[in-house]
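Working notes for the structure below.
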Number of protein chains: 2
Amino acid sequence: MATVMARAQFDKDSILDKTIMLFWQQGYHGTSMQDVTASTGLKPGSLYNSFGNKEQLFIASLERYAQRSADKMKLVMSHGTGKGIVMLLTDMVAARGKKDYASCFIIKTQLELTSTEPKLAKLAGDYLSRTKAQYKLAIASEYGEALSEVYATSVMMAIFGIRVYGYQQPNEADVLESLRLSLHWLPWENH
Amino acid sequence: MATVMARAQFDKDSILDKTIMLFWQQGYHGTSMQDVTASTGLKPGSLYNSFGNKEQLFIASLERYAQRSADKMKLVMSHGTGKGIVMLLTDMVAARGKKDYASCFIIKTQLELTSTEPKLAKLAGDYLSRTKAQYKLAIASEYGEALSEVYATSVMMAIFGIRVYGYQQPNEADVLESLRLSLHWLPWENH
DNA sequence: AGCAATTTTGAACAAACACTCAAAAAGTTA
DNA sequence: TAACTTTTTGAGTGTTTGTTCAAAATTGCT
C-alpha cells in the first residue's frame with residue numbers, strides 16, 4: 001500500500017491558535033464558522049476537511065488552550081509549590097489590566113455551555129477538576145495532607161475570583177492585598 | 001383625549017420570570033426567540049409588541065433579576081453587615097448543590113457578552129460595581145473606612161469563586177472552611 | 001512526466017435565525 | 001350596542017447559520 005498523499009498547505013496548530021482567540025473572546029454560540037473562515041483565511045471545505053465540524057473544532061481549541069495552561073502551571077510550580085502559586089496568581093492579577101481581557105477560556109466555557117452543550121461543558125469541568133487535583137497534590141507535599149484539600153479549594157476559588165473580577169478593572173494593589181489576606185499561608189513577598 | 005384601550009392578556013412580569021430562566025441558563029446567544037415563544041406560549045407578534053426585540057427583552061430580564069438580587073441583599077444585610085454577608089455567602093454555597101445550577105445571571109452575562117454585546121456586558125458590569133459599592137459602604141460602618149475597600153474586594157472575589165466553583169460540585173464543608181479561612185474577619189458561627 | 005492520492009475551492013443547501021405586518025379578536029368607554 | 005383602540009395571530013420576510021460536494025488544483029512517488 002503506497003503512502004501517496006498531498007500535504008496540507010497550512011499549519012493546524014496556527015489555525016487553532018486563531019480559533020482559540022475567537023472562541024475564547026466570543027464564546028461558542030457567539031462565534032460562527034464564517035467568523036472562523038474570515039479569521040483564518042481557510043475556505044469552508046478546507047476547514048471541515050481538517051477539523052470535522054464546529055464542535056470538534058471547539059474541542060481541539062479547548063484542548064490546546066488547556067494543554068498550554070497545564071504546561072505553564074507545571075513549569076512555574078517547579079520553583080516550589082508556594083512560590084509557584086504566588087507567581088501564578090500574581091500573573092493572573094496582572095493579566096486583568098490588558099485590553100481585550102477575556103478571563104479564562106475554560107472557565108468561560110463551563111459557564112456558557114453547561115446547559116446547551118453539556119458535552120463541551122463537561123470537558124471544561126474535567127480540566128478544572130484536574131487542575132485542582134494538581135494543586136492539591138503539590139500543596140500536600142509542602143503543607144501536609146491534612147490541609148491540602150481546603151487549601152486547594154481556596155486557590156481554585158481565588159483563581160475564579162481573579163478571573164471574573166478582572167472585568168471590573170479594580171485596583172491591582174487592592175486585589176493583591178485581598179489575596180494576601182485570604183491566602184495568608186502562601187509565601188507572599190514583603191512589601 | 002379618551003383613554004380607550006384593550007389590556008394585555010398576560011402578565012409582563014411572569015413572562016419575564018420565564019425569560020430570565022432561559023437567558024440565565026442558556027445565555028444570550030444560546031437562547032433563540034423561538035425558545036422564548038415556546039417557553040412563554042406567546043406568539044412572535046405579541047412578544048415583539050410587548051418587549052421590542054431580543055436585546056430589549058434581555059435587558060428587561062437582567063434588570064428584573066438584578067433588582068431581586070439587590071432586594072435580597074438589602075433585606076439580609078439589615079441583620080447587620082457581618083452577619084448578613086455570612087448569611088448571603090452561606091446561601092450561595094448551598095445553592096451550588098441544586099440541580100440545574102446556573103451560577104449567577106449577571107456574572108454569566110459579563111463573561112459571555114463583553115466581546116460580542118458590549119452594551120449588555122456593560123449593564124452587567126455596572127450592576128456588579130454597584131453591588132461592590134454597597135458592600136463597601138456597609139463594611140465601612142462596621143469595620144472602619146480603612147479596611148472597607150480591601151474587605152469589599154475580598155467579598156466580591158469570594159462570591160465569584162463560589163458561583164464558578166459551584167459547577168464542580170465540591171464538598172460543601174470544604175468550601176465553607178475555605179471561606180472561613182479567607183474571610184477570617186467575618187462573624188462565622190462556631191462549629 | 002505521469003499517476004494516484006489528498007487537499008482546496010466556492011457555489012450551493014436546508015435549517016434556524018430575528019423580526020414583520022395585515023387581518024382578526026378582544027377590551028374599554030359611552 | 002356601537003365606536004374606538006389595543007392586542008393577538010401566524011404565516012411570511014430576508015438573513016445568517018452550519019455544512020456539503022463535485023470539480024479543480026496540488027502534492028508525493030515512481
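Labels below follow one simple rule: chain letters A, B, ... track the order of the sequence lines, proteins then strands, and each chain is numbered from 1. Below, each value reflects all heavy atoms present in this structure, side chains not excepted, and no hydrogens, waters or symmetry copies.
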Quick test of your reading of the model: are [X] and [Y] salt-bridged, counting only N-O distances below 4.0 Å?
X	Y	result
A:E149	A:K136	yes
A:K122	A:D126	yes
A:D17	A:K12	no

Please state how far atom [atom1] in [X] lies from atom [atom2] in [N], giving the value in whole angstrom units.
X	N	atom1	atom2	result
A:N53	D:dC21	CG	P	14 Å
A:F23	D:dG18	CZ	P	9 Å
A:Q26	D:dT17	CD	C1'	15 Å
B:N49	C:dA22	CG	C1'	14 Å
A:D35	D:dT17	CG	P	7 Å
B:D11	D:dT7	CG	P	14 Å
A:I15	C:dT8	CD1	C1'	13 Å
A:F10	C:dT8	CZ	C1'	9 Å

So, is [X] near the phosphate of [N], with a side-chain N or O under 4.0 Å from OP1 or OP2?
X	N	value
B:Q34	C:dA16	no
A:Y48	D:dT20	no
B:K43	D:dT8	no

Would you mind classifying the nucleic acid contact of [X] as base, sugar-phosphate or nothing, using non-hydrogen atoms under 4.0 angstrom?
X	answer
B:F51	nothing
A:T31	sugar-phosphate
B:S32	sugar-phosphate

* Which nucleotide in C:dG10, C:dT8, C:dC19 has an atom nearest any side-chain atom of A:S46 -> C:dT8
* **Nearest-nucleotide pick for A:K54, side chain only, options being D:dT19, C:dA18, C:dG10** => D:dT19
* To do: Would you kindly compare B:P44 and A:G45 by the position of their nearest DNA chain D nucleotide and give the one closer to the 5′ end?
  => B:P44
* Please work out which of the three classes, parallel, tilted or perpendicular, describes the rings of A:Y165 and B:F160, given edges at 30° and 60°. => tilted
* Whether over 12 other heavy atoms sit under 6.0 Å from A:H184 NE2 -> yes
